[in-house]
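Atoms considered below: every heavy atom in the structure, side chains included; atoms not considered: hydrogens, waters and symmetry mates. Naming convention: chains lettered A, B, ... in sequence-line order (proteins, then strands); numbering from 1 in each chain.
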Amino acid sequence: MTIDTGTTAWMLTSTALVLLMTPGLAMFYGGLVRTKNVLGTMMHSFSAMAVIGVLWAVIGYAMAFGTSRAGIIGWDSSFLFLNAPFDGMLSIGDNKCIPEIVFVMFQGKFAIITPALISGAFAERVKFKSYLLFIAAWTLLVYFPLAHWIWGGGFLTGEAIDFAGGTVIHISAGIAGLVAALFLGNRIGYPRNSMRPNNLVFTIVGAGLLWVGWFGFNAGSSLSSDACTGQALAVTQIAAATGALSWMIIEAIDNNKISSLGIVSGILAGLVAITPAAGSVAPWGAMVLGAGASVICYFALKMKEKLGYDDSLDVFGIHGVAGIFGAIGLTFVMKPDATEVGFLKQLQYQIEGVGIAILYSAAVTLLIIFVINKICGFRLSPAAEKAGMDHAQHGEHGYGFVNLD
Amino acid sequence: MTIDTGTTAWMLTSTALVLLMTPGLAMFYGGLVRTKNVLGTMMHSFSAMAVIGVLWAVIGYAMAFGTSRAGIIGWDSSFLFLNAPFDGMLSIGDNKCIPEIVFVMFQGKFAIITPALISGAFAERVKFKSYLLFIAAWTLLVYFPLAHWIWGGGFLTGEAIDFAGGTVIHISAGIAGLVAALFLGNRIGYPRNSMRPNNLVFTIVGAGLLWVGWFGFNAGSSLSSDACTGQALAVTQIAAATGALSWMIIEAIDNNKISSLGIVSGILAGLVAITPAAGSVAPWGAMVLGAGASVICYFALKMKEKLGYDDSLDVFGIHGVAGIFGAIGLTFVMKPDATEVGFLKQLQYQIEGVGIAILYSAAVTLLIIFVINKICGFRLSPAAEKAGMDHAQHGEHGYGFVNLD
Amino acid sequence: MTIDTGTTAWMLTSTALVLLMTPGLAMFYGGLVRTKNVLGTMMHSFSAMAVIGVLWAVIGYAMAFGTSRAGIIGWDSSFLFLNAPFDGMLSIGDNKCIPEIVFVMFQGKFAIITPALISGAFAERVKFKSYLLFIAAWTLLVYFPLAHWIWGGGFLTGEAIDFAGGTVIHISAGIAGLVAALFLGNRIGYPRNSMRPNNLVFTIVGAGLLWVGWFGFNAGSSLSSDACTGQALAVTQIAAATGALSWMIIEAIDNNKISSLGIVSGILAGLVAITPAAGSVAPWGAMVLGAGASVICYFALKMKEKLGYDDSLDVFGIHGVAGIFGAIGLTFVMKPDATEVGFLKQLQYQIEGVGIAILYSAAVTLLIIFVINKICGFRLSPAAEKAGMDHAQHGEHGYGFVNLD
Amino acid sequence: MKLITAIIQPDKLDEVREALIEAEIERITVSRVTGHGKQEDIDIYRGRKIVPNLIPKIEIKIACNEEFVEQAIQAIISSARHNGGELGDGKIFVTNLERCYRIRTGESGGTAI
Amino acid sequence: MKLITAIIQPDKLDEVREALIEAEIERITVSRVTGHGKQEDIDIYRGRKIVPNLIPKIEIKIACNEEFVEQAIQAIISSARHNGGELGDGKIFVTNLERCYRIRTGESGGTAI
Amino acid sequence: MKLITAIIQPDKLDEVREALIEAEIERITVSRVTGHGKQEDIDIYRGRKIVPNLIPKIEIKIACNEEFVEQAIQAIISSARHNGGELGDGKIFVTNLERCYRIRTGESGGTAI
Ligand SMILES: Nc1ncnc2c1ncn2[C@@H]1O[C@H](COP(=O)(O)OP(=O)(O)O)[C@@H](O)[C@H]1O
Ligand SMILES: Nc1ncnc2c1ncn2[C@@H]1O[C@H](COP(=O)(O)OP(=O)(O)O)[C@@H](O)[C@H]1O
Ligand SMILES: Nc1ncnc2c1ncn2[C@@H]1O[C@H](COP(=O)(O)OP(=O)(O)O)[C@@H](O)[C@H]1O
């Protein structure tokens with residue numbers, strides 16, 4: 001077996017691109033909160049790079065991609081601290097291989113961004129140290145098992161199609177966000193007071209970086225550098241563009257004004273919906289998924305207004321909803337050869353996968369939050385919440401220039 | 001024919017890099033306008049990602065790279081919705097190929113950024129919906145044909161040297177910008193009131209992203225991952241650096257102050273000038289083009305002051321002028337083996353190419369603007385222009401933190 | 001010999017990633033200074049792209065990687081203006097090669113970022129034109145020789161392990177910064193008045209870009225696209241994450257508050273420490289280096305407080321200290337096969353390398369500053385320093401939107 | 001007519017506005033200021049504690065007729081206090097307002113407030 | 001001497017300044033404020049209409065001698081109106097200015113204005 | 001009681017604050033404003049010199065009892081001047097302050113300053 005330097009190059013690049021998504025997410029979320037919480041919100045993303053970055057190397061890869069124990073969880077003591085995988089090789093067919101450590105790093109980035117995604121649901125109101133505990137526990141108890149089940153040889157592997165993590169990442173994070181938002185309750189003053197984004201300019205650039213990074217996310221998930229990779233990139237691009245265009249049209253009809261936050265919300269909805277499907281659909285299918293995701297997310301957000309809960313940055317409303325839509329919807333638009341078990345069976349697999357992810361993520365998330373809340377409290381004190389996370393918890397101010405130097 | 005995974009990897013990377021240019025451009029332009037228009041200006045770039053992203057997949061590739069019909073326009077009904085290209089292969093010589101869909105996506109990014117470039121010329125004063133119509137029509141009627149003529153097998157293919165789009169992209173966009181700026185007239189208060197950049201910090205970072213993205217733009221255009229690619233990257237780097245250094249020197253002489261906007265203007269001038277030439281010059285040639293572009297653009301901007309028209313963000317002054325300079329100037333500094341027809345003939349080809357692009361772009365742009373203006377008006381109402389695009393058209397404010405949350 | 005397109009692709013990508021670090025650094029530094037100096041600080045990085053970008057192509061590569069003259073300096077007149085290297089090939093073993101020009105460009109980016117790093121030490125108080133002179137002279141007299149000695153065939157090549165530039169880049173820049181800060185003296189008002197970051201939000205994003213770019217920096221330095229590359233990327237990632245996590249823990253213990261600047265400082269400390277070691281350690285070694293670097297840098301910064309000198313953005317405190325720690329510390333945690341000369345001998349080599357870099361950089365930097373100061377003055381006039389570099393020197397304001405348009 | 005200028009802590013803005021509305025005072029002008037008083041507010045910079053000289057505050061300006069002055073002041077005092085009064089809670093200044101015009105209509109005096 | 005404080009809409013700043021200059025009033029101080037009055041200003045957030053509590057405004061401060069007060073006020077009123085007067089067009093407040101100093105020269109009183 | 005409003009150059013803020021502290025005036029409120037006076041301040045935009053209409057300034061507000069007014073004014077005038085007085089150095093305005101309240105304690109009058 002020889003190393004395929006081309007595929008290795010693309011996988012290295014994809015790893016860098018997916019890493020770029022975390023600062024991108026920090027910008028996206030950071031711009032949407034109020035000024036007094038901008039740093040704290042960005043730290044939710046950056047601290048995930050630190051905590052989960054270490055956790056993944058120590059134990060995560062072993063749990064997700066170690067030898068499957070009864071289909072429930074992976075384990076290989078030689079995988080701890082990446083001992084064995086550091087020098088391993090991963091066959092990619094055709095007597096070619098890539099270094100296993102590249103795959104480890106690529107997957108590690110997914111583990112980092114998933115808990116960071118959740119943080120948008122309870123933005124502006126949690127204790128930072130409890131948050132750190134939460135993401136560590138959640139990744140250990142929810143993400144690693146789910147990744148193992150669907151990708152790592154667990155009991156769902158080979159059943160549900162989940163090309164780049166619609167179920168493992170977006171649905172699980174979306175549901176966890178919803179549960180956390182409901183458990184923790186609304187921000188003080190929500191929805192009575194208007195809570196406007198402190199820096200939409202920043203949010204838009206963040207969305208741009210997310211789009212760029214998503215090419216690594218989806219096209220990297222093919223573990224190749226060939227037609228399949230190009231196709232994954234193409235449908236990602238097309239779904240994002242269609243999602244954005246659709247959201248613009250909906251807004252134009254509904255409001256007569258097209259907003260910048262609308263465009264980027266459409267981009268995200270399209271990107272999330274195509275994530276599980278990036279290996280299974282043709283361009284027209286990507287358009288259907290992108291457009292559909294925008295429509296359904298738009299109305300999901302309207303529904304949230306009515307229900308009045310405070311999923312602050314719409315983690316469930318975008319990632320959860322578009323993730324579910326994409327995972328199930330792909331069955332209706334996939335290429336004929338994308339499944340070997342036929343439409344109905346595949347639909348069943350997809351619904352099963354989604355259902356399990358929802359139930360499992362909801363249950364374990366609730367448990368984790370409940371325990372952390374008992375031990376050290378999860379929600380900020382009202383005084384700290386009013387003063388803002390940045391000053392109260394981190395002793396900093398995001399925009400020094402607004403005040404005087 | 002086997003797929004060359006290395007070349008494919010670089011083309012995928014280039015696609016991501018060129019995509020990054022559009023957020024980069026949004027930052028660059030967004031920082032230069034006044035606060036009240038920052039979001040609207042960024043949306044000009046982001047909406048191009050949506051509108052042209054879809055248009056390219058539906059019909060654009062067919063028109064630009066379909067079988068040439070009499071050298072005028074491409075067409076293949078199997079190319080609609082990328083049906084055939086999705087699974088196609090593209091030979092890159094040596095019995096090697098890359099997936100055609102990768103090339104399609106790479107080229108699609110060029111189609112996106114071109115109309116976004118134009119938007120700087122009529123910044124701060126157009127209706128968003130008319131703008132959307134404009135970029136769709138302009139891409140259909142100007143960009144796709146031009147791309148076909150010069151790259152896609154049309155009547156100029158194989159004549160004018162245009163490595164990465166000096167003519168197709170920068171000249172056509174620069175001229176379109178000039179025509180639009182003249183047609184629409186000056187912003188209210190220009191040039192009497194000073195209209196200062198709202199966020200130069202942002203503009204500079206945007207220029208940094210443009211430089212990085214340009215590596216994909218130029219070095220990706222070689223459709224290879226070998227010496228030719230490396231050379232294209234090298235001359236791009238050198239021209240950008242020389243352009244920046246030259247602009248700094250000119251400013252130091254002319255004003256005794258070197259400005260940050262000067263450095264980034266020089267970077268852009270150098271990058272634009274090297275774009276058509278990236279496959280044909282040696283490092284010293286890149287230096288000549290970079291330095292020359294800065295000098296000529298600097299004086300073009302001074303001239304604009306005198307003439308008093310409002311090419312707001314200097315689309316013509318930088319992209320148009322440096323593009324023309326690069327396309328024609330390259331003949332004087334190209335490597336001996338860069339042409340097979342000799343200096344004089346090549347110079348004629350270059351001038352022809354530039355002339356046709358100027359005339360065609362000017363004429364059709366004027367037509368499109370005229371028609372759109374008749375149908376639904378292109379320019380904002382004075383009240384909306386004074387209030388700012390962000391609030392009047394998009395119902396948003398870019399920097400919430402400047403006001404109170 | 002055939003070109004390995006995969007390795008070439010990764011080296012091209014790495015070049016783009018390392019270029020991205022310079023805008024990243026501009027954001028990082030730009031956010032940390034006071035509002036009135038934000039543009040001037042960013043220009044320190046961007047002007048390095050211009051000045052060193054040209055210098056490298058003209059003469060730098062010849063001096064660093066030309067035929068070694070007595071182990072002291074490289075020289076090949078055919079290397080001037082990159083004449084010969086433009087078409088050369090570089091063997092990477094196995095009868096494979098990559099285009100030499102790609103290597104030239106990759107290395108050129110290192111030459112650009114090194115003087116830009118130094119600029120943080122004397123932020124907010126130097127004349128821009130003197131700064132331009134300084135970086136040109138410093139790169140010619142310090143960087144090119146050092147790079148030659150350690151990488152280019154000079155008298156240290158093959159002795160000290162310096163995978164991606166811990167000694168050549170971080171130690172030399174850190175020491176130069178310290179010398180310059182001591183020579184130029186404290187900013188007016190330091191440390192009596194609080195000088196708070198104008199835009200931490202920006203600084204954090206800059207750190208994110210630096211992390212992403214560092215993948216190119218370290219993993220590109222393997223000049224390959226195989227297991228060694230992946231390992232370099234992996235230990236880079238792990239050291240950064242561990243560095244960040246460690247800094248968070250120290251802050252939590254020492255202050256009970258975890259700050260965003262703390263997280264990013266930890267990221268940088270980890271990245272710097274792993275730079276020389278990226279080819280020699282296993283994941284656990286990366287963790288040790290990352291954690292150790294954070295601890296030692298944290299206390300180095302505390303020490304600076306006590307001593308009262310004004311290394312404004314902690315170039316010595318982070319790059320110098322972590323660089324020295326990494327270069328020497330790697331001997332204690334390296335993989336058994338990382339050295340052929342045994343632990344003690346290698347330790348001696350490392351200490352020698354570090355010592356020579358420190359002495360040489362300190363001496364020559366002092367000389368350069370002294371001469372420049374004599375000729376045209378290095379430090380800003382007090383009036384200009386109080387008014388701020390942006391307005392006094394560059395005639396610009398970073399955040400127009402804070403005032404009125 | 002009087003012009004009331006109140007300096008308060010930023011996190012109290014919403015509460016003060018609500019209290020004013022209850023006191024039937026609906027028109028106000030608000031701006032960001034920074035202040036220096038007895039309060040200290042510690043920030044952290046790379047492990048070092050820094051005491052900024054100037055702390056962000058909010059300034060509220062209210063023009064009102066004499067009969068509303070007392071209730072406006074009471075509304076602000078009671079809503080702007082942290083836990084019954086902490087350092088940094090702020091100040092209220094009252095100056096005389098000689099004339100007042102509504103730009104929209106051009107009318108002036110007490111009805112233009 | 002009087003101190004005139006005008007709250008106007010941001011888009012009218014240029015016009016008001018020009019009108020003042022015509023009225024021979026050249027020295028002014030301007031700042032960003034946000035205001036709450038009768039005007040409503042709708043923003044959109046993910047499909048939802050939000051009515052912000054505070055709307056961006058511009059505050060202009062002019063110190064001037066008695067004889068210029070009337071023409072300053074007239075200049076502002078006539079130039080700051082949208083279409084003959086709309087909600088949100090703003091207010092003008094006049095207070096008494098007891099003393100005035102020019103820092104450059106140290107001179108005080110009417111000539112220091 | 002008087003309310004002193006000083007408009008100064010941004011780079012003089014630190015010095016003025018120190019001078020005030022020496023004059024035993026410790027409580028102040030500061031804000032960013034922009035001003036237009038006799039001073040011109042040239043910026044460069046792509047090779048073109050632009051004269052902005054409005055130049056960044058700092059406004060300092062001090063409420064103080066009568067006996068401190070004179071020393072406050074002297075402290076500002078002497079510390080805010082560039083080289084003995086340059087265009088743009090700024091102005092000081094003094095108005096009458098009728099009432100003053102400390103929100104923390106609710107006390108009013110001269111002791112609440
Ligand atoms: N005399 C004054 N002049 C101007 N501003 C003042 C004055 N006193 C207080 N302030 C403002 O009010 C804020 C709160 O004042 P502080 O001194 O903390 O209150 P206290 O008087 O209750 O100790 C200060 O930050 C400052 O902005
Ligand atoms: N009594 C007042 N006190 C303080 N500010 C006021 C007052 N009345 C109006 N303003 C300011 O003027 C702005 C415009 O007021 P608005 O109520 O829209 O005008 P109108 O009185 O014509 O309805 C408000 O946003 C507010 O900033
Ligand atoms: N009459 C005034 N009304 C309001 N602000 C003023 C007045 N005069 C001066 N200022 C403020 O003071 C600043 C400095 O004024 P300037 O005209 O440069 O001083 P000088 O009177 O010494 O020429 C101006 O930018 C403006 O903000």
Result for side-chain contact (heavy atoms from CB on, under 4.5 Å) between E:I103 and one of F:K91, F:R81, F:K12 points to F:R81
CD1 (E:I28) and CD1 (F:I7) are apart, to the nearest 0.5 Å, by 11.5 Å
When the 4.5 angstrom heavy-atom criterion is applied to F:Q74 and chain E, the contacting part is neither
One should read off an interatomic distance between E:T29 OG1 and F:E59 CD, to the nearest 0.5 angstrom, of 7.0 Å
Rounded to the nearest 0.5 Å, the CD1 atom of E:I58 sits from the OG1 atom of F:T34 at a distance of 7.5 Å
When rounded to the nearest 0.5 Å, the distance separating CD1 of E:I21 from NE2 of F:H36 is 5.0 Å
In terms of heavy-atom contacts, E:G106 and F:I77 come closest through CA-CD1, 4.3 Å
| said: With side chain to side chain contact (heavy atoms under 4.5 Å, CB included) as the criterion, how do E:L13 and F:L54 come out once you've worked through the C-alpha distance, each side chain's angles and the decisive distance to 0.1 Å? | reply: CA-CA 11 Å; E:L13 176 58; F:L54 294 164; 4.0 Å; yes
ask   = Going through the distances and angles, do E:R99 and F:V69 end up as a side chain to side chain contact (heavy atoms under 4.5 Å, CB included)?
value = CA-CA 11 Å; E:R99 289 196 252 164; F:V69 174; 3.5 Å; yes
Cut-off 4.5 Å, heavy atoms of chain F, and the answer for E:I60 is neither
For E:E22, is the CD atom crowded, meaning more than 12 foreign heavy atoms sit under 6.0 Å from it?
no
With a cut-off of 6.0 Å (strictly less than), are more than 12 heavy atoms of other residues, nucleotides or ligands near CD of F:E26? yes
task: Please say whether more than 12 non-hydrogen atoms of neighbouring residues, nucleotides or ligands are located less than 6.0 Å from CD in F:E98.
output: yes
Whatever's closer than 4.5 Å to a heavy atom in chain E on F:I73 counts as side chain
